[in-house]
Amino acid sequence: QVQLVESGGGSVQAGGSLRLSCAASGYTYSTYLMTWFRQAPGKEREGVAGVHTVLGFTYYGGAVKGRFTISRDNANNTLYLQMNNLKPEDTAMYYCAAATRASSGSWSSPATYDYWGQGTQVTVSS
């Protein structure tokens, strides 16, 4: 089992920044892919940014590329999402997800992931 706990969400004005954290515990050795998703009311869950925790590959959704940066601290088993130049469209619940097994799905497919955090709310006002 892997446990994921997100933190760092909050309310900011457009143009501001936040850094989200995802603390992982449990059998974290088995995770190879960790990704931030977000979901706004009435919308599908969307892959925001992911990282292959072993090889270091990173992935970004087109809506955030150039504004958000995913990083990890392997010593602390923590995943981060630095969110700059926030826009109202970024308002969503942000979830951390971890995958332990390879699948035919893409990094941005929720079905790829075995474990999920409870989410942290990000609200960007105009």
To the nearest 0.5 Å, what is the distance between [atom1] ([X]) and [atom2] ([Y])?
X	Y	atom1	atom2	answer
T100	Q1	OG1	CD	9.5 Å
L79	S71	CG	OG	7.0 Å
S21	Q82	OG	CD	9.5 Å
T58	K65	OG1	NZ	8.0 Å

Contact check, side chains of [X] and [Y], non-hydrogen atoms, under 4.5 Å:
X	Y	answer
M34	L4	yes
R67	D90	yes
L86	L18	yes
R38	V64	yes

Would you say the side-chain atoms of [X] pair up with the backbone N or O of [Y], donor to acceptor, closer than 3.5 Å?
X	Y	result
T91	P88	yes
Y32	A99	no
T120	Y94	no
E6	C22	no
Y113	C96	no
T53	T31	yes

Problem - R45 charged N/C atom sitting above F37 aromatic ring, 6.0 Å / 45° - result: no

Treat each ILVMFWY residue as a node, draw an edge where side-chain heavy atoms are under 4.5 Å apart, and state whether [X] and [Y] are in one component.
X	Y	result
L55	L33	yes
V48	V122	yes
L81	V12	yes

Exercise for the section: Under the ring pair (Phe, Tyr, Trp, His ring centres under 6.0 Å) rule, collect the residues that match up with Y59, sequence neighbours excluded. Expected result: W107

If you look at every heavy atom in [X] and [Y], which pair is closest and at what distance?
X	Y	value
A63	E46	CB-OE2, 4.0 Å
L20	W36	CB-CH2, 3.6 Å
V124	K87	CB-O, 3.2 Å
Y60	F68	CE2-O, 3.2 Å
S17	N84	OG-OD1, 2.9 Å
T112	G105	OG1-C, 3.5 Å

Handout entry: Contact list for residues 48-80, test disulfide bond (SG atoms under 2.5 Å apart), sequence neighbours left out
Key = none

Practice task
State whether the number of non-hydrogen atoms from other residues, nucleotides or ligands found under 6.0 Å of Q13 atom CD is greater than 12.
Solution key: no

Exercise for the section: Could you check whether the rings of H52 and F57 sit parallel, tilted or perpendicular, using 30° and 60° as the cut-offs? Expected result: perpendicular

